[in-house]
Participant: 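Below is one structure. I have some questions about it.
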Amino acid sequence: MIKRKHFLILLSVLLLPMCVYHKITHMEKGDLAWMESYHAGDTVMFSNGSLTDTLIVRGIKVHNSLNPINTNFNASSVYEAVAYLDYDIIHDNDTMEGWFSIRKEEQGQPVYLNFSLCDRYALKGIKPRFKNFIINQSSYDDCIVIDKSNSSLGKYQSKTCGVKSLIWSKSRGLLQYSFSNGDKYVRKDLNG
């Protein structure tokens, strides 16, 4: 009986480290503001002056737990808080799939951003460097630009769209996107 107790205690001591995360990150309210501009099912219209595109938010998922118990035994011992926003843009009777995600790698540091819209993607984590943009006489000072300086254009995807750049606001979401042919689409609700 004593040997069995000792065995169970030893087994518990050996298994306990596998059952808890050794590192947990958690996003604060300011980090999560990136995800608050849209809700699942939202639609947003974009225009290039003559044609209109429609952005449809498919869903938003936030994984931001402080629970130290690792319930997935095949998983890492590190829990990084992450949030995803999936969307489609209906463009020229075609659908361009897109997503936006934020990931908290270290407490006390800003989140890293990842993007994809059709064939333009940034998967290495962009550290936010805010820029000011004036669109239709309104100023937006919490914007980041996704272009060839911090993202890539896919070469081997089945669908190519030639997305050149995106402007994403922390408080408003996607403001503008452009294509390599020069077409630029701006949110229709940004009318100054």
Participant: Can you list every pair that meets salt bridge (charged side-chain N to carboxylate O under 4.0 Å, His left out) and has a residue in residues 127-144, with sequence neighbours left out?
Facilitator: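 Passing the test, one end in residues 127-144: no pairs.
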Participant: Among residues at least two apart in sequence or on other chains, which ones pass side-chain hydrogen bond (donor to acceptor under 3.5 Å, both in side chains) with S37?
Facilitator: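 Here no residue qualifies.
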Participant: Under 6.0 Å from the NE2 atom of H63, do we count more than 12 heavy atoms belonging to anything else shown?
Facilitator: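 Counting other residues, nucleotides and ligands, NE2 of H63 exceeds 12 neighbours.
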Participant: So if you build clusters from Ile, Leu, Val, Met, Phe, Trp, Tyr with side-chain heavy-atom gaps below 4.5 Å, do L117 and V57 land together?
Facilitator: yes
Participant: Got a sec, which residues hit side chain to side chain contact (heavy atoms under 4.5 Å, CB included) with S152, two or more places apart in sequence or on another chain?
Facilitator: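 With sequence neighbours excluded, S152 shows a side chain to side chain contact (heavy atoms under 4.5 Å, CB included) to Y121, given in chain and number order.
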Participant: Would you list the pairs meeting salt bridge (charged side-chain N to carboxylate O under 4.0 Å, His left out) in which at least one residue belongs to residues 46-56, sequence neighbours left out?
Facilitator: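 Matches after skipping sequence neighbours: none remain.
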Participant: Of the non-hydrogen atoms in S50 and S47, which two are nearest, and what is the gap between them?
Facilitator: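 Between these two residues, the closest heavy atoms are N-OG, 4.2 Å.
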Participant: Hydrophobic cluster membership, with links at side-chain heavy-atom distances under 4.5 Å among I/L/V/M/F/W/Y: are F179 and V44 in one?
Facilitator: yes
Participant: Does the N150 side chain pair with the main chain of V145, one donor and one acceptor, at a distance under 3.5 Å?
Facilitator: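 Judged by distance alone, yes, a pair lies under 3.5 Å.
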Participant: Is it possible for you to say whether F133 and V186 belong to one hydrophobic cluster, with membership spreading through side-chain heavy-atom contacts below 4.5 Å?
Facilitator: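 Yes, F133 connects to V186 through the hydrophobic network.
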Participant: Could I get the full list of side-chain hydrogen bond (donor to acceptor under 3.5 Å, both in side chains) partners for D86, not counting sequence neighbours?
Facilitator: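 Expected list: none.
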Participant: Counting N and O atoms only, with roles assigned by atom type, does the side chain of N114 sit under 3.5 Å from a partner on the main chain of G125, one being a donor and the other an acceptor?
Facilitator: yes
Participant: So which heavy atom on I144 is nearest to which on P128, and how close?
Facilitator: CG2-CA, 4.2 Å
Participant: If you measure from NZ on K61 to OG on S101, what distance do you get to the nearest 0.5 Å?
Facilitator: 12.5 Å
Participant: Please name all residues satisfying side-chain hydrogen bond (donor to acceptor under 3.5 Å, both in side chains) with E105, sequence neighbours left out, ordered by chain then number.
Facilitator: R103
Participant: For a 4.5 angstrom cut-off between non-hydrogen side-chain atoms, does E106 reach K23?
Facilitator: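 They are in side-chain contact.
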Participant: Looking at side-chain heavy atoms only, is the closest gap between L174 and I89 below 4.5 Å?
Facilitator: yes
Participant: Can you get from M45 to Y140 by hopping between Ile, Leu, Val, Met, Phe, Trp and Tyr side chains that sit under 4.5 Å apart?
Facilitator: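 In one cluster: no.
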Participant: Starting at CD1 of I102, measure out to CG of L85 and round the result to the nearest 0.5 Å.
Facilitator: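 So the gap between those two atoms works out to 10.0 Å.
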Participant: Does I60 offer a backbone N or O that forms a donor-acceptor pair with the side chain of Y38 under 3.5 Å?
Facilitator: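 Between the backbone of I60 and the side chain of Y38 there is no qualifying donor-acceptor contact (under 3.5 Å).
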Participant: Please name the pair of heavy atoms, one in L175 and one in F46, separated by the smallest distance, quoted to 0.1 Å.
Facilitator: O-CE2, 3.7 Å
Participant: Checking Q109 now: which residues fulfil side-chain hydrogen bond (donor to acceptor under 3.5 Å, both in side chains) with it, not counting sequence neighbours?
Facilitator: none
Participant: Test: salt bridge (charged side-chain N to carboxylate O under 4.0 Å, His left out). Region: residues 163-183. Which pairs qualify, not counting sequence neighbours?
Facilitator: R172-D189
Participant: From I90 CD1 over to L55 CG, what is the distance, rounded to the nearest 0.5 angstrom?
Facilitator: 9.0 Å
Participant: Starting at NZ of K184, measure out to CD1 of I135 and round the result to the nearest 0.5 Å.
Facilitator: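 Going from the NZ atom of K184 to the CD1 atom of I135 covers 8.0 Å.
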Participant: Hey, is the main chain of W99 close enough, under 3.5 Å, to the side chain of S116 for a donor-acceptor pair?
Facilitator: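 No, because the side chain of S116 does not come within donor-acceptor range (under 3.5 Å) of the backbone of W99.
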Participant: Search all heavy atoms of M27 against all heavy atoms of L32 and return the closest pair with its distance.
Facilitator: CE-CD2, 3.9 Å
Participant: State, to 0.1 Å, how close A83 and V62 come at their nearest heavy-atom pair, and which atoms those are.
Facilitator: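 Where A83 meets V62 most closely, the heavy atoms are CB-CG2, 3.9 Å.
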Participant: In the hydrophobic clustering that connects Ile, Leu, Val, Met, Phe, Trp and Tyr at side-chain heavy-atom distances below 4.5 Å, which members other than Y84 occupy its cluster, ordered by chain and number?
Facilitator: V82
Participant: Output yes when a side-chain donor or acceptor of D119 lies under 3.5 Å from a complementary backbone atom of G162, and no otherwise.
Facilitator: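 A pair under 3.5 Å: yes.
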Participant: Distance-only, no hydrogens or angles: does the D92 side chain make a donor-acceptor pair with backbone N or O of D94 under 3.5 Å?
Facilitator: no
Participant: Hydrophobic clusters join Ile, Leu, Val, Met, Phe, Trp and Tyr when side-chain heavy atoms are under 4.5 Å apart, directly or via other members; which others share one with Y112?
Facilitator: none
Participant: For residues 25-46, which residue pairs qualify under salt bridge (charged side-chain N to carboxylate O under 4.0 Å, His left out), counting only residues two or more places apart or in two chains?
Facilitator: D31-K104
Participant: Taking atom SG of C118 and atom NE2 of H91, what is their separation to the nearest 0.5 Å?
Facilitator: 9.0 Å
Participant: For a quick test of reading the model, state the closest non-hydrogen atom pair linking L166 to R120 and the distance between them.
Facilitator: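 Nearest heavy atoms, L166 then R120: CD1-CG, 4.0 Å.
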Participant: Run the ring-ring contact (aromatic ring centres under 6.0 Å, His included) test against F100 and tell me which residues pass, sequence neighbours left out.
Facilitator: W34, F115, W168
Participant: Working to the nearest 0.5 angstrom, can you tell me the gap between Y185 OH and L51 CG?
Facilitator: 4.5 Å
